[in-house]
Amino acid sequence: MRVQRFLTTPIAALSIALAIAFLAAVACGGTAPAEQTTPSDSGTSGSGSAATTSGDSGTTTGSSDSGSSGGAAQPAATRVPPTPRPTVAPDATPTPLPAALPTEVIANPVTKDAYPDAQYGGILRRGGYFDPAHYDLMQVSSVSNSFKQMMVLNNLLRYNPLDGGKTIIPDIATNWEVSEDGTTWTFPLRENVMFHTGEIMDADDVAASWSRVIDPPPGVVSARKGLYTPFGASIEVIDPLTVQFSFEKAPPLNYGLNLFALEWHGIFEKGFLEENNYDLKRNGADAPSTGAFRFLEHQEGEVWKNERFPDYWNEGLPYLDEVWTYPLGNSTTRSAALLAGNVEYSQTIDPAAFEILQNDDRYEAQPFSSYSYLAVWINTDREPWNDPRVRKALWLALDRDAIHEVVGEWLYGYKGGTGWTFQDQAFQLPQAEIDTRMVFDRPAAEAEAKRLMAEAGYADGIKNVDLMQRDPNSAHWTAAAQVAQLEFQRILGIESEIRPVASAVWFEELANRNFDLTVGGIASPFIDPSAYMNSFYRCGGGENHSNYCNPEFDAIMEKVDTEPDFDKRYALVQEAAKILDADPPTVEYWYNRTLGAWRTCVHGIEGKHGALVHNLDRMDTVWMDDECRQ
């Protein structure tokens with residue numbers, strides 16, 4: 001019943017039709033990847049549009065620059081027979097991932113000699129995501145921003161791109177010192193780091209950039225402020241080339257290293273920040289920063305272009321001339337663009353295409369450690385959603401196995417309801433305990449959900465509910481919203497109207513608290529319960545979109561944040577999770593693993609296996625050989 005209704009929606013039908021079309025083409029032999037052409041003047045409207053979404057259909061159209069000249073014909077490739085498309089979405093399987101945070105610290109290995117055979121030049125074309133809602137990377141948790149903007153930035157530390165983020169290395173800080181009690185972190189800065197304007201960076205710029213992260217002015221949202229707030233962070237300038245962070249409560253060493261390595265937070269000119277009241281939503285695209293690339297142009301709906309910064313402080317990097325990112329709105333269109341040769345790299349491809357690419361020696365395909373978090377958020381500012389019984393009823397009513405099967409058509413990941421911690425990680429419940437959770441005993445879960453609604457005074461259901469849905473162009477959001485709507489109505493008598501909104505509008509509506517329920521997704525900053533549980537569920541957390549607040553939960557998290565013993569910390573995390581079980585802030589239904597793929601003529605992409613997927617997009621160590629640059 002649910003699947004039938006879902007499959008009859010126009011966007012779902014079009015997405016499935018496109019998937020079948022490109023898979024059929026590949027099965028019949030397909031074509032070799034298209035040659036890369038030299039771009040015409042970057043200011044020409046629509047130039048270089050490799051594959052763009054057309055309206056709401058999610059279809060792709062291929063085009064090249066009218067003034068471009070092609071290279072020599074690419075040799076024909078011998079294709080390995082593809083794996084047939086699975087009839088059931090594959091489950092995410094455990095892959096080698098760190099059990100917790102990247103912890104090893106090494107000297108900076110990122111130099112022009114990191115790849116002795118690297119070739120300079122070329123334009124890397126990437127299949128990306130929709131246009132961003134605005135241009136301030138700090139104020140969002142959206143890959144629509146991070147995939148395009150992180151490469152123009154530097155931070156104090158960074159995840160090592162040469163090992164997929166398994167280690168942390170210096171960036172614009174030359175090193176760091178931590179006091180014996182862990183409350184003072186000192187960062188000496190590199191000399192002569194140049195902004196894209198030609199000005200030289202100093203400690204005042206670093207302090208201004210970081211002050212808006214840990215203590216933003218009114219009207220500015222720091223999406224990851226909740227990572228720092230529990231520890232009482234502040235920053236001061238020691239001298240022109242030294243900054244120092246002080247903490248009221250010492251963060252664990254590994255946690256602290258990751259706080260300063262997150263690539264969401266870049267360094268900008270202090271004067272520019274002051275001119276814009278520390279809010280870069282409008283002017284953030286070309287805000288003066290220090291990264292290996294600088295912003296070139298954004299043709300809305302067409303392409304985002306970054307170009308090599310010739311005065312980058314790390315001499316000899318980057319290797320590429322430009323990086324173009326196309327706003328391909330869903331996993332099917334990104335997969336099609338890569339298979340058609342219109343891009344060299346796509347992130348978040350669909351599971352069926354991933355299987356094909358793994359069996360084609362012209363491509364490298366890997367699952368990344370991403371852990372985006374998909375859920376139904378519940379507006380606790382409104383009645384009856386402020387009643388824990390109603391929220392618990394919603395949490396029990398959604399069939400996680402059913403929604404996993406449907407959403408798995410486009411995404412690859414783990415089902416929700418498994419205990420509020422990320423799967424395949426150190427704090428996950430044992431599978432035997434997960435299997436006994438009531439939410440997976442559907443008759444018992446539905447009966448208890450109905451009982452809770454009756455106890456709360458809503459035995460006859462709730463009418464006129466606003467169910468906001470993120471991004472109508474992505475079929476997996478549409479499918480999830482329809483499953484939730486049907487299950488809530490069938491079991492609980494909740495009558496809702498789905499209100500699809502663009503991603504840009506979705507983030508604004510969240511900030512304005514203008515919804516009853518909403519289907520969407522955000523991302524964990526890094527792999528640690530103190531990171532995601534504080535951000536998602538703590539009072540005032542940066543990504544606590546339900547505005548949930550439970551003092552008992554916060555009190556347990558205070559202990560989680562500082563407990564050094566793993567076994568004791570594990571027990572505290574499970575204690576906190578039990579509070580969420582009884583008083584759910586969201587209805588989490590999916591923990592995503594991003595599937596990435598690129599042509600083997602692209603080098604220097606080592607995957608994302610320590611840092612999460614919203615990092616390691618700096619592209620400064622990526623290069624292409626002659627096959628890609630033709």
Visitor: Report yes or no: does N314 contribute a side-chain atom to a donor-acceptor pair with the main-chain N or O of L317 at less than 3.5 Å?
Guide: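 No, N314 side chain to L317 backbone: no donor-acceptor pair under 3.5 Å.
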Visitor: Write out all pairs satisfying salt bridge (charged side-chain N to carboxylate O under 4.0 Å, His left out) with one or both partners inside residues 135-146, taking only residues at least two apart or from two chains.
Guide: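 Output for this query lists D136-R212.
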Visitor: With D113, which residues qualify under side-chain contact (heavy atoms from CB on, under 4.5 Å), at least two apart?
Guide: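 For D113 the side-chain contact (heavy atoms from CB on, under 4.5 Å) partners, ignoring immediate neighbours, are T111.
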Visitor: With a 4.5 Å heavy-atom cut-off, do I214 and I235 have their side chains touching?
Guide: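 Side-chain contact under 4.5 Å: yes.
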Visitor: For the backbone of N514 and the side chain of N512, can you confirm whether one donor and one acceptor N or O come within less than 3.5 Å of each other?
Guide: no
Visitor: F536 versus T586: any side-chain heavy-atom pair under 4.5 Å?
Guide: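 F536 vs T586: side chains apart.
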Visitor: Mind checking what makes side chain to side chain donor-acceptor pair (under 3.5 Å) contact with D239, not counting sequence neighbours?
Guide: T242
Visitor: May I ask you to check whether Y120 and W623 place their ring centers less than 6.0 Å from one another?
Guide: no
Visitor: Tell me the closest heavy-atom pair linking R593 and P367, and the distance in Å.
Guide: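 Closest pair (atom of R593, atom of P367, distance): NH2-CB, 3.6 Å.
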Visitor: Which heavy atom of G301 sits nearest a heavy atom of D131, and at what distance?
Guide: N-OD2, 2.6 Å
Visitor: Salt-bridged, K568 to E563, with N to O below 4.0 Å?
Guide: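 Looking at E563 together with K568, the answer is no, because their closest N to O distance does not fall below 4.0 Å.
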Visitor: Taking atom NZ of K559 as the centre, report whether more than 12 heavy atoms of other residues, nucleotides or ligands fall under 6.0 Å from it.
Guide: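 Count not over threshold, so no.
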Visitor: Do the rings of F566 and F427 sit parallel, tilted or perpendicular, given the 30° and 60° boundaries?
Guide: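 Ring orientation of F566 relative to F427: tilted.
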Visitor: For the side chain of T380 and the backbone of S546, is there at least one donor-acceptor N/O pair under 3.5 Å apart?
Guide: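 Yes: the side chain of T380 pairs with the backbone of S546.
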Visitor: Less than 4.0 angstrom from a charged side-chain N to a carboxylate O is my criterion; do R513 and D381 meet it?
Guide: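 Between D381 and R513 there is a salt bridge, with a charged N closer than 4.0 Å to a carboxylate O.
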Visitor: Sequence neighbours left out, what pairs pass salt bridge (charged side-chain N to carboxylate O under 4.0 Å, His left out) with at least one residue falling in residues 178-202?
Guide: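 Passing the test, one end in residues 178-202: no pairs.
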Visitor: Name all pairs fulfilling the salt bridge (charged side-chain N to carboxylate O under 4.0 Å, His left out) condition that reach into residues 139-162, sequence neighbours left out, sorted by first residue then second.
Guide: R158-D620
Visitor: Could you tell me which non-hydrogen atom of W185 sits nearest to which non-hydrogen atom of L257, and how far apart they are?
Guide: CH2-N, 3.7 Å
Visitor: Do R126's NZ or CZ and the ring of W324 fall within the cation-pi criteria of under 6.0 Å and 45°?
Guide: no
Visitor: Please list, chain by chain and in numerical order, all residues satisfying side-chain contact (heavy atoms from CB on, under 4.5 Å) with S222, sequence neighbours excluded.
Guide: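 Per chain and number, S222 pairs via side-chain contact (heavy atoms from CB on, under 4.5 Å) with M138, V213, P216, K225.
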Visitor: Could you pull out all residues at least two apart from L153 that satisfy side-chain contact (heavy atoms from CB on, under 4.5 Å)?
Guide: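 Scan of L153 (side-chain contact (heavy atoms from CB on, under 4.5 Å), adjacent residues dropped) gives L137, F268, S289.
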Visitor: Partners of E269 by side chain to side chain donor-acceptor pair (under 3.5 Å), sequence neighbours excluded?
Guide: T197
Visitor: Donor-acceptor pair, R308 side chain versus P318 backbone, under 3.5 Å?
Guide: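 Looks like yes, one N/O pair under 3.5 Å.
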Visitor: Would you please name every residue forming a ring pair (Phe, Tyr, Trp, His ring centres under 6.0 Å) with F231, sequence neighbours left out?
Guide: Y255
Visitor: Applying salt bridge (charged side-chain N to carboxylate O under 4.0 Å, His left out) as the test, list every pair that has at least one member in residues 530-547; sequence neighbours left out.
Guide: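 Residue pairs with at least one partner in residues 530-547: R538-E558, R538-D561.
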Visitor: With sequence neighbours excluded, what pairs up with D617 under the side chain to side chain donor-acceptor pair (under 3.5 Å) test?
Guide: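 Side chain to side chain donor-acceptor pair (under 3.5 Å) list for D617, sorted by chain: K608.
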Visitor: Flag yes if more than 12 heavy atoms outside E315 fall under 6.0 Å of its CD atom; otherwise flag no.
Guide: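 Atom CD in E315 is not crowded, with 12 or fewer foreign heavy atoms closer than 6.0 Å.
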Visitor: If every non-hydrogen atom of W304 is compared with every non-hydrogen atom of H298, which pair is closest and at what distance?
Guide: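 Scanning both residues completely, I find the closest heavy atoms to be CE3-CG, 3.6 Å.
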Visitor: A quick test of your reading: do over 12 heavy atoms of other residues, nucleotides or ligands sit less than 6.0 Å from NZ of K249?
Guide: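 Yes.
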Visitor: Angle between ring planes, W420 versus Y537, binned at 30° and 60°: parallel, tilted or perpendicular?
Guide: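 W420 and Y537: perpendicular rings.
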Visitor: List the residues meeting side-chain contact (heavy atoms from CB on, under 4.5 Å) with D117, not counting sequence neighbours, and say none if there are none.
Guide: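 Scan of D117 (side-chain contact (heavy atoms from CB on, under 4.5 Å), adjacent residues dropped) gives none.
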Visitor: Please report the shortest heavy-atom distance between D205 and I200, naming the atom on each side.
Guide: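 Closest approach of D205 to I200, heavy atoms only: OD2-O, 4.0 Å.
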